[in-house]
There are 2 protein chains.
Amino acid sequence: MVAVTVLRPPGLESPGLDLADAAVASLTRARVQVMHTSTAERVADAVRDEIVEGRLRPGSRLPEQRLCTALGVSRNTVREAMSQLVTERVLVREPHRGLFVARPDREAVRDVYRARRVIEPASVRSGEAADDARVAAVRAAVEEGRGAAADERWDDLASANQHFHRALVALAGSPRLDQQMALLLAEMRLVFHGMPVVREFHEPYLARNATICELLEGGRRAAAADAVDEYLREAETHLLSGYDPT
Amino acid sequence: MVAVTVLRPPGLESPGLDLADAAVASLTRARVQVMHTSTAERVADAVRDEIVEGRLRPGSRLPEQRLCTALGVSRNTVREAMSQLVTERVLVREPHRGLFVARPDREAVRDVYRARRVIEPASVRSGEAADDARVAAVRAAVEEGRGAAADERWDDLASANQHFHRALVALAGSPRLDQQMALLLAEMRLVFHGMPVVREFHEPYLARNATICELLEGGRRAAAADAVDEYLREAETHLLSGYDPT
DNA sequence: GATTGCCTGATTGTTGAGCAATTCTTACGC
DNA sequence: GCGTAAGAATTGCTCAACAATCAGGCAATC
């Protein structure tokens, strides 16, 4: 029988790779599946979801006690989860006053776009991990948006647009950048939810997405990067022209 | 007598500015001074400082109880603070096993450099906020490094190098990017502290820093950005060649 | 009439104790 | 030597409590 007695103490990687090591390596990859997510994490996920999906409006107050009863967890756990969301800029904590769903002001919007104009074009330009699969993800986001627009599902169009920009950053192949981009996009969703009318806001950008995607598929990354930069500049002014959170 | 009867309810800015309003406006600027920092925040700052200054080695275990007695705060507060440091990637939490000072592996180093190669050159290239003061900050970091190297204060040289790169990103004028860069640099410090010998590691980059700074001062941002990219590529291979966290 | 001072109620910041679940340790039996 | 079972230690989470702080109302004051 095959010896499986080589399970080493965790946290130590082996210098040589034999079959057993390959087996445990494949298991470590599956660990994320079994990983027991902490209660605080699940609470944070639940509240974050309510917010980015727009069921909790920017500016809303979130009393800790109410969250406890609503979610069935203790106040300490709620506090731990909410602190997480505060660092993600999804919530704002005012000392001794409470937690509020973040309501980004115009300066916040400008700064998010400043950051995006650094990260997105540079990710496209360098494209260190721009393999076929990642370019295909960009294409998929474009088609997803086309379908949503055709059916006039404007919320789905907004989501597709976010997938598009996430796919652009993914071309750099950096999990850390991906995570940062996810934060910026979550903040953008807050901005959209604070606007009276979103609806067809994203529609005019469909054609641009397609153009950028085609440039990418043609391997013209520099041109694509320039197009992304221009895109972001216009989107910022377009958005700011109709954004005024009271 | 001058009427001082115009003090409006807080949170509303007045259209007209008279003397009383000017007085209270000057006070709002001082508000940051009275801001009360929470205990958890101070605990997180203290532990983070211990770690990035190298007094706590990567891989060290941090039992919660010991932190409580050492810092004189309750376990709940410690947990809240440590969760913050986990999201900053300064600590790693292994479920039911405990907290450990993060020990970045080689893949982590590669990813940090991937992210830096996106953010830093792009910040320099666009330089949306590259005013005199921000360029002067770059110059200051170069001189700081020169002084440290001249006196063979290697730790200070490492700090100066971090200031240099932070100043480069600051040229983009985005607080969100600055914060992200601070996280990446904190992770870099962990890498350095996990190495047996740092000492003169940063020394060869002094001349490069100076060159980049001169390009910036001459307004040649594109050339400076290219130099930064090349810098980061070489630094990564240089660092990885001698980095093997057990 | 507007401002101040003070009181009340509600919420937050922080503490302490405690329990179940899990991991680590150690000693035991084979 | 090897696997195993009991025991110790630590974490994840809950509950209850208290001081500090904030919001709002109401009377006293200039």
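Letters A, B, ... mirror the listed sequences (proteins, then strands); counts begin at 1. Keep in mind that this is a model prediction, so the values were computed, not measured.
By the side chain to side chain contact (heavy atoms under 4.5 Å, CB included) test, B:Arg66 pairs with B:Pro63, sequence neighbours left out. Residues forming a side chain to side chain donor-acceptor pair (under 3.5 Å) with A:Gln180 (at least two apart in sequence, or on another chain): none. In this structure, the side chain to side chain donor-acceptor pair (under 3.5 Å) partners of B:Arg79, at least two apart in sequence or on a different chain, are B:Glu64. Residues forming a side chain to side chain donor-acceptor pair (under 3.5 Å) with A:Thr39 (at least two apart in sequence, or on another chain): A:Arg42. A:Glu128 pairs by the side chain to side chain donor-acceptor pair (under 3.5 Å) definition with B:Arg117, not counting sequence neighbours. Listed by chain and number, the residues in a side chain to side chain contact (heavy atoms under 4.5 Å, CB included) with B:Arg189 are B:Val52, B:Glu53, B:Ser159, B:Gln162, B:His193 (sequence neighbours excluded).
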Identify all side-chain donor-acceptor contacts of residues 91-103 of chain A below 3.5 Å with residues at least two apart in sequence or on another chain.
{"from": "A:Arg93", "atom 1": "NH1", "to": "A:Ser83", "atom 2": "OG", "distance (Å)": "3.4"}
{"from": "A:Glu94", "atom 1": "OE1", "to": "A:Arg97", "atom 2": "NH1", "distance (Å)": "2.9"}

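Summary for the helix from C:dG1-D:dC30 to C:dC30-D:dG1: the axes at its two ends, each from 5 pairs, differ by 20° when rounded to the nearest 10 degrees.
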Given protein heavy atoms under 4.0 Å, the one-letter contact record of nucleotides 11-19 of chain C, with B base, S sugar-phosphate only and - none, is simply SSBBBB-B-
